[in-house]
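These notes are about the structure you will find just below.
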Amino acid sequence: MTYRVIQWSTGNVGARALRSIIARPELELVGVWVSSPAKAGKDAGELAGLSVETGITATTDADALLALKPDCIVHTAMADDRLMEAVEDLKRFLRAGINVVSSSPVFLQFPYGVLPDEAIAPIVEAAEEGGASLWVNGIDPGWANDWLPLLLSSGSERIDRIICSEIMDYSTYDNPKVVFDIMGFGSELETLPMLLQPGILTLAWGSVIRQLAAALDIELDSVTQHFERLPATEKLTIGDHTIAPGTAAALRFQVHGIRGDREVLTLEHVTRLHPDLAPEWPQPTGKGCYRVEIQGDPDYQLDLQLYSNGDHALAGVVGTAARLVSAVSAVIEARPGLLTATDLPLTTGRGLVS
């Protein structure tokens with residue numbers, strides 16, 4: 001069966017999602033939404049960076065796209081700085097009877113125990129009203145810390161602690177809003193960016209901790225957060241931005257699931273703008289990796305390296321997009337409602353061997 005799909009936004013992740021949709025034999029691209037009038041009227045192939053024409057042109061007319069009644073929307077619009085507006089967009093799609101796979105808001109990948117029930121209920125009600133499903137995922141939060149650690153856990157006789165880490169050099173990550181505005185790189189250490197405001201880390205990545213706890217049947221007493229920032233020791237040039245010595249250039253944060261007096265589940269990010277910074281912090285395998293550690297019997301450590309055209313940061317973008325598109329058929333075929341990773345079967349990149 002072929003499913004009709006609309007791509008919603010064509011930024012870093014959206015352009016790569018377009019490429020995945022176009023490549024998949026089980027999906028038919030029927031529309032593309034863009035926020036920029038400069039992109040309106042352009043062919044989807046051009047926006048995806050391909051040398052083929054699809055005959056599908058982008059538009060800023062959301063109503064016209066929804067009137068097409070697609071089976072699914074692949075939603076990759078930036079939501080970090082417009083969380084509530086993004087939630088309203090998702091509810092609108094669901095009420096229209098359109099299934100959605102989305103890269104954000106990330107707390108919706110497993111909101112239970114993270115958001116109050118009254119915040120979750122309207123989303124579920126919208127899905128049930130339209131008979132549609134919503135699945136929010138990506139690479140992190142996403143498969144680097146949902147199915148990856150759960151797969152390893154099946155080989156455990158005893159689990160004492162699970163640590164899921166992203167250890168990355170972000171100097172080539174092409175998203176200035178995230179790097180400088182949301183994560184606060186290049187700012188004074190005394191100035192806390194959006195990401196490090198009280199409760200934000202446990203809102204975003206607390207969903208990872210809660211999902212692992214639910215899947216492993218672990219009852220947590222609390223979820224806590226901790227972070228450290230270190231300055232640049234010399235001037236750094238990141239794209240069009242200059243990082244002055246003494247301003248933020250390395251960030252390590254952790255979100256812990258606490259049981260009793262022990263940290264039993266941990267989500268950690270170690271982010272540098274230069275590999276020589278913070279040598280005492282965990283170091284990646286290669287230029288960047290996702291790491292899963294299980295302490296117990298046996299002990300496991302899995303380091304996953306990823307590259308796209310030799311770049312690990314771009315690979316994370318490609319992986320995020322592909323993870324969403326891979327799940328389109330399963331989400332369409334699932335029950336109506338708000339889905340999590342453990343609600344879906346294992347999804348694969350079927351039909352993609354060239």
Side-chain angles (χ1 to χ4, degrees), residues 2-82 85-86 89-90 92-93 96 98-105 135-139 142 172-179 239-240 306 308-311 313-329 331-332 349 351-352 354:
T2 301
Y3 292 116
R4 301 168 67 250
V5 177
I6 285 174
Q7 173 57 40
W8 208 270
S9 89
T10 58
N12 286 347
V13 176
R16 300 307 299 219
L18 261 181
R19 293 168 72 110
S20 284
I21 294 168
I22 292 168
R24 287 174 181 270
E26 79 276 16
L27 303 180
E28 177 190 359
L29 180 69
V30 297
V32 178
W33 180 85
V34 290
S35 60
S36 167
K39 292 183 178 180
K42 291 188 176 182
D43 189 88
E46 179 183 355
L47 293 173
L50 300 173
S51 58
V52 299
E53 287 195 4
T54 64
I56 303 298
T57 55
T59 180
T60 58
D61 190 342
D63 291 335
L65 289 175
L66 297 186
L68 295 174
K69 298 189 180 299
D71 296 301
C72 188
I73 286 174
V74 179
H75 174 266
T76 57
M78 179 74 169
D80 291 350
D81 57 351
R82 52 182 301 275
E85 293 93 334
D89 289 342
L90 297 177
R92 180 187 182 193
F93 303 154
I98 303 170
N99 300 283
V100 186
V101 297
S102 180
S103 59
S104 58
W135 189 68
V136 178
N137 211 264
I139 195 167
T172 61
Y173 182 37
D174 185 21
N175 195 326
K177 179 175 282 291
V178 169
V179 173
D240 295 331
L306 58 170
S308 180
N309 292 327
D311 184 66
L314 176 59
V317 172
V318 177
T320 294
R323 166 76 156 166
L324 294 175
V325 177
S326 293
V328 165
S329 296
V331 170
I332 293 171
L352 296 179
S354 60

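All values reported here derive from a predicted model rather than from experimental measurement.
With sequence neighbours excluded, no residue satisfies salt bridge (Lys or Arg N to Asp or Glu O under 4.0 Å) with D311. Remark: D240 engages no residue in a side chain to side chain contact (heavy atoms under 4.5 Å, CB included) (not counting sequence neighbours). Partners of K69 according to the side chain to side chain donor-acceptor pair (under 3.5 Å) rule, which considers only residues two or more places apart in sequence or in another chain, do not exist here. Residues satisfying the side chain to side chain donor-acceptor pair (under 3.5 Å) criterion with T320, sequence neighbours excluded, are absent altogether. A79 meets the side chain to side chain contact (heavy atoms under 4.5 Å, CB included) test with A86, S104, P105; sequence neighbours excluded. In this view, N137 and D146, R323 satisfy the side chain to side chain donor-acceptor pair (under 3.5 Å) rule, not counting sequence neighbours. For N175, the side chain to side chain contact (heavy atoms under 4.5 Å, CB included) test picks out N12, Y173, K177, V178, with sequence neighbours left out. Contacts of R92 classified as salt bridge (Lys or Arg N to Asp or Glu O under 4.0 Å), with partners at least two apart in sequence or in another chain: D63. Residues passing the side chain to side chain donor-acceptor pair (under 3.5 Å) test with D43, sequence neighbours excluded: T54. Residues satisfying the ring pair (Phe, Tyr, Trp, His ring centres under 6.0 Å) criterion with W135, sequence neighbours excluded, are absent altogether. Under the rule for a side chain to side chain contact (heavy atoms under 4.5 Å, CB included), the partners of S35 that lie at least two apart in sequence or sit in another chain are W33.
L50 has its side chain out of reach of L18: every pair of non-hydrogen atoms, C-beta onward, lies at least 4.5 Å apart. Residues L29 and I22 meet the side-chain proximity criterion, which asks for heavy atoms closer than 4.5 Å. Between P70 and V5 the shortest side-chain heavy-atom distance does not fall below 4.5 Å.
Annotation: the span from T60 atom OG1 to L65 atom CG amounts to 9.0 Å, rounded to 0.5 Å. Within the model, atoms CG of L47 and CD1 of I56 stand 12.0 Å from one another, a figure rounded to the nearest 0.5 Å. With values rounded to the nearest 0.5 angstrom, E46 atom CD is found 11.5 Å from T57 atom OG1. Atom-to-atom distance recorded for T172:OG1 and L314:CG is 8.0 Å, nearest 0.5 angstrom. In this structure, the separation between CG on L27 and CD1 on I21 is 7.0 Å, given to the nearest 0.5 Å. In this structure, the separation between CD on E26 and CD1 on I332 is 9.0 Å, given to the nearest 0.5 Å.
Heavy-atom neighbours of E85 CD from other residues, nucleotides or ligands within 6.0 Å: above the threshold of 12.
K39 places a side-chain N or O within donor-acceptor distance of the main-chain N or O of T10, the cut-off being under 3.5 Å. At least one donor-acceptor pair closer than 3.5 Å links the side chain of Q7 to the backbone N or O of S9.
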Next item on the list: Mind running side chain to side chain donor-acceptor pair (under 3.5 Å) on T76 and S103 for me, showing each step along the way?
Entry: CA-CA 5 Å; T76 57; S103 59; 5.4 Å; no
Check: Could you go step by step and tell me if I6 and V30 meet the side chain to side chain contact (heavy atoms under 4.5 Å, CB included) rule?
Finding: CA-CA 6 Å; I6 285 174; V30 297; 3.8 Å; yes
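V34 and A58 make their closest contact through CG1-CB, 3.8 Å (heavy atoms, listed as atom of the first residue, atom of the second, distance). R24 and S326 make their closest contact through NH2-OG, 2.7 Å (heavy atoms, listed as atom of the first residue, atom of the second, distance).
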